[in-house]
Amino acid sequence: MNIEWDKLGFNFFPVKSNIRFHYEDGKWDDGKLYNDYNITMSVAANCMHYGQAIFEGGKAFRTQDGKVQIFRPDENGKRLNSSAKHLMMPEFPVDKFVEAVKTVVKDNEEYVPPYGTGGALYIRPVMFGTSPQIGVAASLTYELVIMVMPVGAYYKNGIKPVDAMIAEDYDRAAPKGTGHIKAAGNYAASLISSEQAHSRGCAVALFLDPATRTYVDEFGTSNFLAVTKDGQYVTSKSDSILPSITNKSLIQLAEDLGMNPVRRPVRKDELKDFAEVAACGTAVVLTPVGRIFDGDEVIDYGLTEIGPQMKRLYDEMTGIQSGRIPDRHNWLVTVE
Ligand code: PLP
Ligand code: COI
């Protein structure tokens with residue numbers, strides 16, 4: 001295999017296999033590895049009209065001593081079930097989910113980027129309703145497919161600061177981040193704001209609370225976090241944001257580092273007062289934000305490199321994931 005590991009971005013990359021489970025007559029089957037990416041499904045499938053489609057995102061890492069370790073797959077399993085429940089989809093047992101992730105990662109071990117390249121094996125489970133129907137009702141059959149692929153940085157400048165744009169009030173009903181459900185349709189509704197941000201040269205859109213537009217919700221790809229001038233970790237508390245596993249982990253690390261982390265509503269007019277701002281998530285890891293554009297105004301954090309507090313968090317997180325720092329919270333599952 002001849003992969004230029006250092007040059008990987010966040011792109012679809014075909015690998016050896018994906019694992020698939022089928023749900024019918026009220027139960028999931030035992031699953032099977034497939035060596036292709038095609039499915040045969042009715043064009044009348046529920047997911048095509050009524051959007052019973054959810055997904056997850058996780059990562060596996062190659063450690064310094066050559067092992068492959070998956071970061072908190074049980075958390076992905078739990079959140080998959082929480083999304084499933086909201087969209088009237090069947091739950092998938094968390095233990096079975098973790099085993100399935102281990103199986104598909106193991107089968108594609110050669111695609112886990114080597115230690116030190118900054119890459120990871122991205123894990124993308126998708127679940128969707130497949131029964132043909134025209135009336136609005138839950139599907140009777142479902143597929144759960146877990147794909148994996150090697151990835152590098154989500155935003156091209158690595159951990160250098162990116163620009164963000166506050167999403168315009170395009171349509172209060174639509175692009176408001178992704179709610180707390182990792183549903184495919186929520187992301188489709190955020191695409192227009194992401195596109196507007198890109199057209200202004202910003203990497204990412206920052207969504208406000210849709211009702212009052214006075215509080216910061218989250219980025220289109222990730223949670224919002226900030227560090228105050230006196231070193232406190234602050235992250236948004238809102239019912240419409242995705243409960244990020246990365247953020248939950250960073251909150252624990254911030255606690256360990258004495259940064260007194262707090263989840264609280266963050267007012268938009270506080271943005272200018274923070275020392276450092278960043279986006280966090282599986283794909284974006286911890287990406288510092290250099291400037292935030294809001295209509296004609298711009299908040300500039302004056303950083304050309306990741307700031308000192310975000311760097312501490314980034315080093316701690318990536319240190320644990322790659323095995324340089326002991327896994328003191330038992331977050332990693334070894335693939336054997
Ligand atoms: N918020 C949104 C909208 C996301 O798409 C993601 C990515 O999954 C996150 C937050 C971060 O969640 P996690 O850290 O679990 O990847
Ligand atoms: C992830 O971070 O895993 C996500 O699903 C976010 C997506 C924008 C790539």
Side-chain angles (χ1 to χ4, degrees), residues 8-13 53-61 70-83 86 97 101 119-127 145-156 162 164 167 174-195 197-198 203-210 216-225 235-254 261 263 266 277-287 289 313-314 317-318 320-321 331:
L8 287 171
F10 196 85
N11 302 306
F12 175 68
F13 192 114
I54 57 176
F55 69 103
E56 267 305 319
K59 273 182 179 169
F61 299 88
I70 308 166
F71 188 70
R72 310 191 79 173
D74 54 321
E75 291 289 334
N76 290 112
K78 285 191 253 172
R79 193 173 58 189
L80 181 81
N81 283 338
S82 147
S83 299
H86 277 92
F97 177 86
V101 171
L121 189 74
Y122 186 70
I123 302 161
R124 169 52 63 86
V126 291
M127 190 199 286
V145 183
I146 307 176
M147 306 172 241
V148 295
M149 66 205 77
V151 296
Y154 192 86
Y155 296 116
K156 286 177 192 59
V162 299
K176 64 166 195 97
T178 57
H180 55 287
I181 315 166
K182 212 162 162 63
N186 287 342
Y187 287 79
S190 74
L191 290 178
I192 190 159
S193 298
S194 302
E195 190 45 45
H198 296 158
V204 68
L206 177 58
F207 293 92
L208 302 178
D209 79 288
V216 175
D217 261 356
E218 64 173 338
F219 296 100
T221 54
S222 39
N223 272 185
F224 171 92
L225 77 104
T235 190
S236 316
K237 186 179 162 109
S238 159
D239 286 340
S240 59
I241 66 175
L242 193 78
S244 156
I245 298 161
T246 313
N247 199 359
K248 180 175 174 179
S249 310
L250 285 169
I251 287 170
Q252 178 64 62
L253 298 180
R263 272 188 210 267
V266 175
V277 162
C280 74
T282 300
V284 309
V285 191
L286 187 154
T287 299
V289 172
L313 291 162
Y314 178 87
M317 181 70 146
T318 54
I320 290 173
Q321 290 173 331
W331 285 337

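Atoms within a ligand are numbered from 1 in the order they appear, just like the ligands themselves.
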Atoms in ligand 1 flagged as close to [X], the criterion being non-hydrogen separation under 4.0 Å:
X      : answer
Phe219 : 3 (C)
Glu218 : 1 (N), 2 (C), 3 (C), 10 (C)
Tyr187 : 2 (C), 3 (C), 4 (C), 5 (O)
Gly281 : 11 (C), 14 (O), 16 (O)
Asn223 : 1 (N), 10 (C)
Thr221 : 2 (C), 4 (C), 5 (O), 6 (C), 7 (C), 9 (C)
Arg79  : 12 (O), 13 (P), 15 (O)

Item to complete: Return yes when Ser249 approaches ligand 1 closer than 4.0 angstrom through a heavy atom, no otherwise.
Response: no

Worksheet item: Contact between Lys182 and ligand 1, counting heavy atoms under 4.0 Å?
Response: yes

Item to complete: Indicate whether the side chain of Tyr154 and that of Ser222 have a donor and an acceptor atom separated by less than 3.5 Å.
Response: no

Discussion item. Going by side chain to side chain contact (heavy atoms under 4.5 Å, CB included), name the residues that satisfy it together with Glu195, two or more places apart in sequence or in a different chain.
Written reply: His198

Worksheet item: Of all residues at least two apart in sequence or in a different chain, which pass the side chain to side chain contact (heavy atoms under 4.5 Å, CB included) check with Ala184?
Response: Ala53

Worksheet item: Do any N/O atoms on Ile245 end up under 3.5 angstrom from N/O atoms on ligand 1?
Response: yes

Discussion item. Under 3.5 Å between any N/O of Asn247 and any N/O of ligand 1: does that happen in this structure?
Written reply: no

Discussion item. Between Leu225 and Val277, is the side-chain contact (heavy atoms from CB on, under 4.5 Å) condition met? List the steps.
Written reply: CA-CA 6 Å; Leu225 77 104; Val277 162; over 6 Å; no

Worksheet entry | Min side-chain heavy-atom separation Arg79-Glu56 under 4.5 Å | yes

Worksheet item: With a 4.5 Å heavy-atom cut-off, do Leu8 and Val151 have their side chains touching?
Response: no

Discussion item. List the protein residues in contact with ligand 2, where contact means a heavy-atom separation under 4.0 angstrom.
Written reply: Phe10, Phe55, Gly57, Tyr122, Arg124, Tyr154, Lys182, Thr221, Thr282, Ala283

Worksheet entry | Inter-residue atom distance Cys280.SG - Leu313.CG, 0.5 Å rounding | 9.5 Å

Discussion item. Between Arg124 and Val148, is the side-chain contact (heavy atoms from CB on, under 4.5 Å) condition met? List the steps.
Written reply: CA-CA 6 Å; Arg124 169 52 63 86; Val148 295; over 6 Å; no

Worksheet item: Hey, is the main chain of Val284 close enough, under 3.5 Å, to the side chain of Thr287 for a donor-acceptor pair?
Response: yes

Item to complete: Check for a donor-acceptor pair, side chain of Lys248 on one end and backbone N or O of Pro243 on the other, with a separation under 3.5 Å.
Response: no

Worksheet entry | With Phe97 via ring pair (Phe, Tyr, Trp, His ring centres under 6.0 Å) - residues at least two apart | none

Worksheet entry | Ring centers of Phe55, Tyr187 separated by less than 6.0 Å | yes

Practice prompt. Give the contacting part of Ser222 toward ligand 1: side chain, backbone, both or neither, where contact means a heavy-atom distance below 4.0 Å.
Written response: backbone

